[in-house]
Amino acid sequence: MNGLVYLTDVVTLVLDRSKCSGCRMCMEVCPHAVFGIEHKKAVILHKDFCMECGACAKNCKEGAITVKSGVGCAAGIINGILRGTEPTCDCGSTGNCC
Amino acid sequence: MMTGYIHGEIETTAGLFPRIETQWNRSDYWGAIKTRWSVGRMKYRVAPGIYAVGDPDRNSRVFVTGNYKLSFDHLRRALTGMNGWILVIDTKGINVWCAAGKGTFSTKEIVRRIRIHHLEQVVDHRKIIVPQLGATGVAAHEVKKMTGFTVIYGPVLAEDIKAFIDAGLKATEAMRHVTFPLVERVKLIPVDIFYGKYYMLIVPLVFLILSGLYPGGYSVDLALISGGKSAINLFSGYFAGCVLTPALLPWIPFRRFSAKGVVTGWFVALLLLLAGTLGLTLTEKVSWFLMMGALSSFMAMNFTGSSTYTSLSGVQKEMKTALPAQIAMASLGFMGWIITKFVSI
């Protein structure tokens, strides 16, 4: 990390270590070094670094990780409120997409 | 012109495939600049399919990417001097990370492209290298189950691919992590500037028109002079939110982007106050602090979408208080400003 940490204690990331097989896939896909390995199983080292991208949960064969993933984007959240949907960065035809 | 990167074809037992240049030409550089400025960004695409780099054979590696041309360009440039295959999947012209978040860079699309283009006939091995940031949309174990191909997640940045391959398809920790250095933040500023393009013409115009109001009626001269100052204040607040805040992000106090935006907005307002152009009366000055703070705060908050480390839960928490505060500040400021048109306070 380059000193940039967002709000603390808000992230929805949960790891069920009892299901973990120790395959290290979560460590591999995480862009923010959230996971580590202890006693051959994954452990959450830096929860507040998590940006809820969902890559770890998606690639966990055992389904040991859950996270409410989505776009951490204010414009996307406003989009969602205006359309009555989940936050979406799908800005349609305006051409201003991420 | 869009296909200037293709030179010739390669014949294999599985068919003919276009062979591509790894060096960028002038139109590639120009396209990269234009797309950063939102010019034709949503149409900057490559046709999905299989492309050859160098002189690949049945044992060469396969690299997967999306069909946003800038993603494709970064990948082919990183493969300079190598032989390999590129499998471009259809992400609707969106870059890999965003497409993965939206679900277009997905397990389904990779599986579909492997089948459509008969990748299993092109290579003998069963491995594909997928950019790590695509993992948000791809379940490696499902791709394996459905196609027999093992997904190997490559580094975050295409430029690290050579080192990744040389290390035996192993990424170092640094290659796996997303940072957000100054140069990256600055690259994203133009897109943010264009976010409010129409509003930033209409709103100053409304202020210009209203600026002509005075207790005795309406004056066009007043509209031009005072309205011009209003426009400068508005643009300064906008600039503070979508240029200063991203550029100075790590050095501005507070974690909330909206709070960072108030800091930069007020900083710019302070400069204008010292320059003597912010407003004439105390009420007008205070009103501008409120409006510029709100505007800068809102634009800074929008930069969460460009940043590489904000979570959905965090942004939702931030907005719950920030959005009402911004609306309150802007409304109060606007009312105060209107009042100064009629009462000299």
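In what follows, chains carry the letters A, B, and so on, assigned in the order in which the sequence lines appear, proteins first and then strands, with residues in each chain numbered from 1.
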Enquirer: How many angstroms lie between atom CD of Q316(B) and atom CD1 of I77(A), to the nearest 0.5 angstrom?
Expert: 4.5 Å

Enquirer: Atom OG1 in T308(B), atom CG in L4(A): separation rounded to 0.5 Å?
Expert: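 If I round to the nearest 0.5 Å, the distance is 7.5 Å.
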
Enquirer: Against chain A, label L133(B) side chain, backbone, both or neither, depending on which of its atoms sit under 4.5 Å from a heavy atom there.
Expert: side chain

Enquirer: Please check if the side chain of R176(B) supplies one atom and the backbone of E28(A) the other of a donor-acceptor pair under 3.5 Å.
Expert: yes

Enquirer: Is a donor on one side and an acceptor on the other found under 3.5 Å between the side chain of T136(B) and the backbone of G54(A)?
Expert: no

Enquirer: For M301(B), is it the side chain, the backbone, both, or neither that has a heavy atom closer than 4.5 Å to a heavy atom of chain A?
Expert: both

Enquirer: Under 3.5 Å, side chain of E52(A) to main-chain N/O of S311(B), donor-acceptor pair present?
Expert: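 No.
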
Enquirer: Name the region of C53(A), side chain, backbone, both or neither, that has any atom closer than 4.5 Å to a heavy atom of chain B.
Expert: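 Backbone plus side chain of C53(A), per the 4.5 Å heavy-atom cut-off to chain B.
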
Enquirer: Side chain of N59(A), backbone of H141(B): donor and acceptor closer than 3.5 Å?
Expert: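 No, because the side chain of N59(A) does not come within donor-acceptor range (under 3.5 Å) of the backbone of H141(B).
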
Enquirer: Which atoms of S258(B) come close to chain A, meaning under 4.5 Å heavy atom to heavy atom: side chain ones, backbone ones, both, or neither?
Expert: neither

Enquirer: Hey, which of T107(B), V138(B), V156(B) has the most heavy atom pairs under 4.5 Å with chain A?
Expert: V138(B)

Enquirer: Side chain from CB out, backbone as N, CA, C, O: work out which of these in E318(B) comes under 4.5 Å of a heavy atom of chain A, or both, or neither.
Expert: both

Enquirer: With distance as the sole test, does S313(B) use its side chain to make a donor-acceptor pair with the main-chain N or O of V11(A) at under 3.5 Å?
Expert: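 Not at all, since once roles are kept as given, no pair shorter than 3.5 Å links the two residues.
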
Enquirer: To check you understand the geometry: which heavy-atom pair defines the closest contact between V178(B) and H32(A), and what is its length?
Expert: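 Where V178(B) meets H32(A) most closely, the heavy atoms are O-CE1, 3.5 Å.
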
Enquirer: Check whether any side-chain heavy atom of F298(B) sits under 4.5 Å from a side-chain heavy atom of I78(A), and report yes or no.
Expert: yes

